[in-house]
Each structure stands twice: as C-alpha cells, then as structure tokens.
Amino acid sequence: QKEVEQDPGPLSVPEGAIVSLNCTYSNSAFQYFMWYRQYSRKGPELLMYTYSSGNKEDGRFTAQVDKSSKYISLFIRDSQPSDSATYLCAIRDSNYQLIWGAGTKLIIKP
Amino acid sequence: SQTIHQWPATLVQPVGSPLSLECTVEGTSNPNLYWYRQAAGRGLQLLFYSVGIGQISSEVPQNLSASRPQDRQFILSSKKLLLSDSGFYLCAWRQSNQPQHFGDGTRLSIL
C-alpha cells in the first residue's frame with residue numbers, strides 16, 4: 001500500500017461546478033498536509049497548507065483534513081477554465097520530507 | 001520576496017553525455033534545497049536534499065549527483081547520461097518549518 005493514494009483522473013467538470021479532489025494516507029502520525037497546483041510544463045505551486053484536522057478556506061478553495069479517516073480533500077467552488085491543471089497532495093513526514101500523491105488531472109470545460 | 005530560478009527550461013542530450021542543471025534561490029539565506037524528478041502522470045520522486053553548503057543527502061541510488069557550492073545554489077550533475085534519466089527535474093527550497101516552493105523545472109530528453 002502506498003503511503004499516499006490519489007486518483008490520477010482525469011476529472012472533467014463543467015465551468016461553475018464544485019470540484020472535489022481527494023487523497024488518502026496510511027500513517028496516522030502525519031500532521032501537515034499540502035495541496036499544490038501544477039500547470040503543464042511548470043513547477044508545482046503551493047495552494048493550501050493545513051495542520052491537523054479541520055477546514056481551511058482561501059477564496060474559492062477549501063482544504064479539509066479528516067485525520068480519523070486519514071482522508072484529505074480540496075474543494076474548488078465556482079470552477080473556472082483557468083483551474084484546469086494537475087492537483088497534487090503532499091504530506092510532510094517527521095523528517096520534513098514530503099510524501100506525494102500521483103496528482104489528479106482536472107479539466108474544467110467552458 | 002523569495003524567488004527560485006532553474007535553467008535551462010528544456011534540454012536535449014545524447015546518451016553518455018554529461019549533465020549540469022543549476023538552481024538558485026534569491027531573497028532568503030540558508031534554505032533547505034531539494035532536487036526532484038517527476039515522471040509523466042506520477043508524483044514527485046525526491047533525489048537529493050541539502051541543509052547547508054556542502055551537505056548533500058541522497059534518497060535513491062542513481063546515475064546522478066548533487067552539489068551545493070554556495071548557500072543558495074544547488075547543482076544536479078551526471079557524468080554519463082542514461083536513457084532512463086529522461087524526465088522533468090524540479091528544484092525546491094524550504095525555510096524553517098514552512099512548505100516547499102518550486103522552480104519551473106527542466107525538461108530533460110535523452111536521445
């Protein structure tokens with residue numbers, strides 16, 4: 001079992017829809033969770049950074065952590081074509097190294 | 001503000017040739033620096049990281065090496081490239097307990 005699992009997609013939704021992106025992880029000791037957005041031929045860009053359980057909101061983006069289920073989510077409201085990208089979840093281990101999901105390719109159709 | 005530069009953006013090299021990719025960070029001091037490789041449709045694989053000048057940790061055995069000759073400079077090298085070295089190489093930096101931030105990567109093709 002991989003330490004972090006993420007469905008690679010692609011996930012295709014119409015413009016304006018609410019998008020839900022998810023990752024599961026195996027180590028209950030993990031506490032720091034990140035979401036990165038990566039456009040084609042570019043480096044990953046940090047979107048959200050959360051600690052422990054709960055929700056964190058930033059504009060149209062909400063990151064949610066459920067430590068009891070070992071499940072993290074990224075919600076995008078009012079999705080736009082410019083949100084089309086690959087979204088990577090990353091979890092920081094006790095050595096400050098990141099464990100990465102495979103990334104979900106998101107396509108927002110105009 | 002901090003910025004990170006990677007070059008070149010694209011590189012095509014023959015098998016057996018040497019490699020040198022450079023990464024520099026501006027606007028911060030004594031950052032932790034990272035080299036990753038990303039295969040198509042996959043997550044990031046950590047290759048090397050450095051906590052200071054001359055200090056390099058290798059995560060996977062491979063045909064590559066890294067060096068940190070200056071505080072904000074990180075270099076990825078190879079003496080003889082293999083076909084399997086093709087990929088997208090990313091440099092990242094981190095300060096204290098903050099998240100990592102990435103450069104725009106180098107797409108390396110080996111012919």
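Linking Ile, Leu, Val, Met, Phe, Trp and Tyr whenever their side-chain heavy atoms come within less than 4.5 Å leaves B/Val25 and B/Leu90 in two separate clusters. In the hydrophobic cluster analysis, where Ile, Leu, Val, Met, Phe, Trp and Tyr join through side-chain heavy atoms closer than 4.5 angstrom, A/Leu21 is grouped together with A/Val13. A continuous path of ILVMFWY side-chain contacts below 4.5 Å connects B/Leu83 to B/Tyr89, so both sit in one hydrophobic cluster. Connection of A/Tyr25 to A/Trp35 is established within a shared hydrophobic cluster, with ILVMFWY side chains joined at heavy-atom distances below 4.5 Å, either directly or through further cluster members. By the criterion of side-chain heavy atoms lying less than 4.5 angstrom apart, applied directly or through intervening Ile, Leu, Val, Met, Phe, Trp or Tyr residues, B/Phe74 is grouped together with B/Leu19 in one hydrophobic cluster.
Within the 4.5 angstrom heavy-atom criterion, atoms from both the backbone and the side chain of B/Leu44 approach chain A. Contacts of A/Arg41 with chain B are made by both backbone and side-chain atoms, with heavy-atom separations under 4.5 Å. Of the two parts of B/Asn97, the backbone and the side chain both hold a non-hydrogen atom closer than 4.5 Å to a non-hydrogen atom of chain A. Proximity to chain B (any heavy atom under 4.5 Å) is restricted, for A/Tyr36, to the side chain, taken from C-beta onward. Proximity to chain A is absent for every atom of B/Ser57, based on heavy atoms less than 4.5 angstrom apart.
Interface remark: of the candidates A/Pro8, A/Cys89, A/Pro44, A/Pro44 forms the most heavy-atom pairs closer than 4.5 Å to chain B. Contact tally against chain A (heavy-atom pairs below 4.5 Å) for B/Arg107, B/Gln45, B/Gln98: the top residue is B/Arg107.
Across all their heavy atoms, B/Asp104 and A/Gly43 have their closest contact at OD1-N, 3.4 Å.
Considering CD of B/Gln100 and CG of A/Leu98, their distance stands at 4.0 Å, rounded to 0.5 Å. Rounding to the nearest 0.5 angstrom, the gap separating the CD atom in A/Gln97 from the OH atom in B/Tyr49 is 5.0 Å.
Side-chain polar atoms of B/Gln38 and A/Gln38 form a donor-acceptor pair below 3.5 angstrom.
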Residues A/Tyr96, B/Arg94; criterion side-chain contact (heavy atoms from CB on, under 4.5 Å); working and verdict: CA-CA 10 Å; A/Tyr96 285 79; B/Arg94 174 178 66 83; 3.3 Å; yes
Ring pair (Phe, Tyr, Trp, His ring centres under 6.0 Å) evaluation trace for A/Trp100 with B/Tyr34: CA-CA 14 Å; A/Trp100 294 86; B/Tyr34 303 82; over 10 Å; no
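Within 6.0 Å of the NZ atom in A/Lys67, the count of heavy atoms belonging to other residues, nucleotides or ligands exceeds 12.
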